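Encoded as structure tokens, the structure appears first; notes follow it.
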Amino acid sequence: MLTAQSVPKRPFTLAVREALQGVNNSAIEADLLFLEAWEMQPSSHLGATLRASQIRRANPGLAAAIDAELKGGCLIAPARAVSARTASARTAPEKVKA
């Protein structure tokens with residue numbers, strides 16, 4: 001039987017990774033990761049759509065950055081998201097390509 005594990009999900013986009021730096025609140029982290037996932041694969045489920053809409057409204061800059069990054073194809077593979085590149089992103093953040 002498969003069970004859910006509490007393995008933390010890593011963000012795919014640079015915009016969400018930067019937004020999560022210094023966040024020590026699991027609810028905020030879950031909301032931002034949910035928004036990113038929803039932007040990558042929108043759901044027609046009403047509850048998911050409403051939740052994504054509320055998060056987008058509360059974070060319009062982040063939503064725009066995620067959208068621009070996804071449309072620009074600037075994704076980083078999940079396995080590479082914790083590499084040295086992530087550490088360097090903390091000291092010298094990259095600009096999101098429009």
Side-chain angles (χ1 to χ4, degrees):
M1 179 172 136
L2 295 175
T3 59
Q5 297 178 3
S6 62
V7 176
K9 292 185 178 182
R10 294 188 178 100
F12 286 93
T13 60
L14 178 63
V16 174
R17 272 187 285 142
E18 287 178 350
L20 287 175
Q21 286 182 355
V23 171
N24 194 18
N25 184 322
S26 61
I28 293 172
E29 183 178 339
D31 282 348
L32 298 183
L33 290 173
F34 175 84
L35 177 62
E36 181 185 56
W38 190 86
E39 290 288 345
M40 292 172 67
Q41 187 174 12
S43 169
S44 61
H45 190 269
L46 181 59
T49 303
L50 289 173
R51 181 178 178 198
S53 176
Q54 288 178 331
I55 299 168
R56 286 178 62 90
R57 205 171 320 128
N59 302 283
L62 177 62
I66 293 170
D67 190 47
E69 197 169 337
L70 293 175
K71 286 182 179 175
C74 301
L75 292 179
I76 296 175
R80 294 178 58 204
V82 294
S83 68
R85 183 173 180 183
T86 302
S88 67
R90 288 187 191 137
T91 57
E94 299 175 28
K95 294 188 178 190
V96 177
K97 294 179 182 178

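Please read all numbers here as calculations on a predicted model, not as lab measurements.
Between the side chain of Thr49 and the main chain of Ser43, a donor-acceptor pair closer than 3.5 Å is present. No side-chain donor-acceptor contact under 3.5 Å links Glu39 to the backbone of Leu70. Side-chain atoms of Glu36 come within 3.5 Å of backbone atoms of Phe12 as a donor-acceptor pair (strictly under, hydrogens ignored).
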When you look at Glu69 and Ile66, which way does the side chain to side chain contact (heavy atoms under 4.5 Å, CB included) test go after all the steps?
CA-CA 5 Å; Glu69 197 169 337; Ile66 293 170; 5.8 Å; no
Trace of the side chain to side chain contact (heavy atoms under 4.5 Å, CB included) decision for Leu33 with Leu20:
CA-CA 9 Å; Leu33 290 173; Leu20 287 175; 4.1 Å; yes
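Taking CZ of Arg17 as the reference point, atom OG1 of Thr13 lies at 7.5 Å (rounded to 0.5 Å). A distance of 6.5 Å separates CZ of Arg56 from CH2 of Trp38, quoted to the nearest 0.5 Å.
In this structure, the side chains of Ile55 and Leu62 stay at 4.5 Å or more apart for every pair of heavy atoms.
The two atoms that bring Ala19 and Leu32 nearest to each other are CB-CD1, 4.0 Å, heavy atoms only.
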